[in-house]
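The figures that follow rest on heavy atoms only: side chains count, while hydrogens, waters and symmetry mates do not. Per chain, numbering begins at 1; letters A, B, ... match sequence-line order.
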Number of protein chains: 2
Amino acid sequence: MTASRAQHLPEAVLRPVRGHHAFEACVEQLGTAIRLGVYPLGSTLPPERELALRLHVSRATLREAMAALREAGLVQTRRGRGGGTVVTLKPRTPSGRAAARVPQAKRADWLDALEYRRVVEPGAAALAAQLELTAVRRERLEQAHAEVAGADKAASHRQADSRFHLTIAALSESPRLIEAVTSVQGTLHEMLLAIPVLEPNIAHSDRQHATVVRAILAGSPDRARRAMEHHCDDTAALLRGLLG
Amino acid sequence: MTASRAQHLPEAVLRPVRGHHAFEACVEQLGTAIRLGVYPLGSTLPPERELALRLHVSRATLREAMAALREAGLVQTRRGRGGGTVVTLKPRTPSGRAAARVPQAKRADWLDALEYRRVVEPGAAALAAQLELTAVRRERLEQAHAEVAGADKAASHRQADSRFHLTIAALSESPRLIEAVTSVQGTLHEMLLAIPVLEPNIAHSDRQHATVVRAILAGSPDRARRAMEHHCDDTAALLRGLLG
DNA sequence: AGCCTAAGGTCTGAGTTCATACCAATTTAA
DNA sequence: TTAAATTGGTATGAACTCAGACCTTAGGCT
């Protein structure tokens with residue numbers, strides 16, 4: 001039995017060990033956090049030493065990443081006590097840029113992200129609904145939802161939407177699920193910047209958000225999961241359509 | 001609005017940029033693949049150059065990892081044409097070692113893995129059921145299932161079980177899901193080595209496997225997902241109980 | 001036998017990353 | 001006004017990682 005084993009598993013299981021260059025990974029992660037609105041325009045990033053600690057990276061490397069972000073115009077830095085690094089990136093409006101021009105590999109990755117999302121985000125919603133939420137956490141959820149519904153411009157709506165989904169993931173209290181949702185939202189954000197989104201879809205999306213929030217607050221994991229599945233399905237169908 | 005944002009998201013979202021050095025990651029990944037039975041006893045690993053390419057690591061680094069695995073007795077290496085690195089690790093039998101002595105942080109991580117598993121494995125099963133499987137793939141699934149049911153010793157049963165779950169993930173064809181299941185199976189394997197499993201549970205588990213396989217082959221995503229959820233729930237309940 | 005080939009084994013110089021100091025600027029508070 | 005505290009800026013040497021070239025071993029073929 002041992003030697004006759006089929007060879008399909010190793011191929012599927014082994015994956016690149018990491019994105020090389022710690023500094024690129026920092027740029028990626030901080031840049032995504034900023035673009036998603038985890039750190040909104042005008043907010044201050046944690047001090048370098050703290051960030052370096054959090055990211056398990058030396059301060060030297062973190063500073064290189066910061067320099068790159070500064071170079072790219074995402075942040076500005078002031079020295080001295082009370083100084084720090086503040087976000088200067090204004091949320092980008094999804095441009096009508098053609099969805100063509102996307103390399104095949106990236107397109108495949110995007111489609112995979114949509115499949116993955118349909119698994120992890122409903123899972124996070126169900127888990128959140130299953131927990132007994134404190135008043136503070138219920139408040140956070142409602143606040144995040146209100147910000148999505150209340151956003152006037154397309155750009156700030158996009159960030160509020162990301163924050164909404166990340167907030168639900170955070171409510172699940174599962175580090176693995178939070179990471180999964182964060183990464184998938186990063187990819188989603190990238191897709192949405194390349195694809196114009198129409199107004200009616202936003203309204204539709206907001207109604208679905210409301211359903212998810214109700215289910216979570218009511219403590220109904222199944223309803224929360226199904227509602228989030230519908231939401232992911234609809235978004236995915238739209239994006240898949242526009243991608244060809 | 002911008003400055004008044006709650007501070008809970010950054011804390012949840014930012015994660016270590018990478019676990020460790022490249023060489024440790026290689027040891028970790030190859031070691032897990034071997035322990036899970038992706039490379040069973042007696043099988044030959046791919047040539048170093050190929051592995052290095054696959055893991056996105058220089059051959060020098062990969063070789064350091066190989067040396068560590070050799071040192072640890074997991075593999076043996078022979079030079080020359082027809083040589084290579086073969087697995088020498090005999091599947092370990094879950095020992096009755098006390099489940100105490102597990103540090104708090106690890107215990108929390110284990111519990112998180114169980115939550116995560118309940119999301120990703122049923123998701124993978126549903127996705128697999130939803131695809132039109134080729135004859136080869138249906139065969140792989142049945143083969144993997146037969147090996148679990150047919151395993152005589154506890155140790156080889158454990159590896160066959162891992163391969164069964166990884167096979168389903170591979171059928172889903174989603175790189176992200178495959179990675180998720182691989183990592184969660186690695187953690188699960190670690191848990192099971194520290195916790196004795198009783199015979200009746202294995203029989204119960206095999207019946208659930210059969211249900212999952214039927215649902216996937218029948219092309220019923222919902223049934224597949226639910227069946228896998230039950231399976232995960234039962235395993236999780238057992239482990240949580242034994243963990244205290 | 002003698003060559004070819006597919007593997008592992010070795011070496012080297014350049015580029016990254018790290019940990020740990022120490023310096024400089026600026027705000028806050030005594 | 002002065003001292004302390006907080007924050008970014010700089011420097012250095014060690015360790016890790018990389019890519020690529022080259023050497024050694026051992027099977028298979030002519």
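- Residues A:T61 and B:G83 both approach DNA chain C. Their nearest nucleotides, taken by heavy-atom distance, put B:G83 toward the 5′ side.
- Phosphate proximity of D:dT17 to B:H21: present, with a side-chain N or O under 4.0 Å from OP1 or OP2.
- Side chain of A:R70, nearest nucleotide from D:dG9, C:dG8, C:dT17: D:dG9.
- Residue B:Q76 contributes atom CD, which lies 15 Å from atom C1' of C:dG8 at whole-angstrom precision.
- When the side chain to side chain contact (heavy atoms under 4.5 Å, CB included) test is applied to B:V184, the partners found at least two apart in sequence or on another chain are B:A113, B:Y116, B:R117, B:E121.
- Under a 4.0 Å N-O distance rule, the pair A:K106/A:D109 does not qualify as a salt bridge.
- By the 4.0 Å N-to-carboxylate-O rule, B:R54 lies close enough to B:E50 to be salt-bridged with it.
- Each of C:dT17, C:dG8, D:dT10 was ranked by its minimum atom distance to the side chain of B:T85; first place goes to C:dG8.
- Residue B:L62 contributes atom CG, which lies 10 Å from atom P of D:dC18 at whole-angstrom precision.
- Atom pair A:R78:CZ and D:dG8:P shows a separation of 10 Å (rounding to whole Å applied).
- As rounded to whole Å, 15 Å separates atom C1' of D:dA19 from atom NE2 of B:H56.
- For B:R70, the side chain to side chain contact (heavy atoms under 4.5 Å, CB included) partners at least two apart in sequence or on another chain are B:M66, B:A67, B:V75, B:T77.
- Atoms CD (A:E64) and P (C:dG15) sit 14 Å apart, rounded to a whole Å.
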What pairs of nitrogen or oxygen atoms, one from the protein and one from nucleotides 22-25 of chain C, lie under 3.5 Å apart?
| from | atom 1 | to | atom 2 | distance (Å) |
| --- | --- | --- | --- | --- |
| C:dA25 | O4' | A:R79 | NH2 | 3.1 |

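- Counting only heavy atoms from C-beta on, A:R63 has its side chain closest to D:dG9 among D:dC16, C:dA19, D:dG9.
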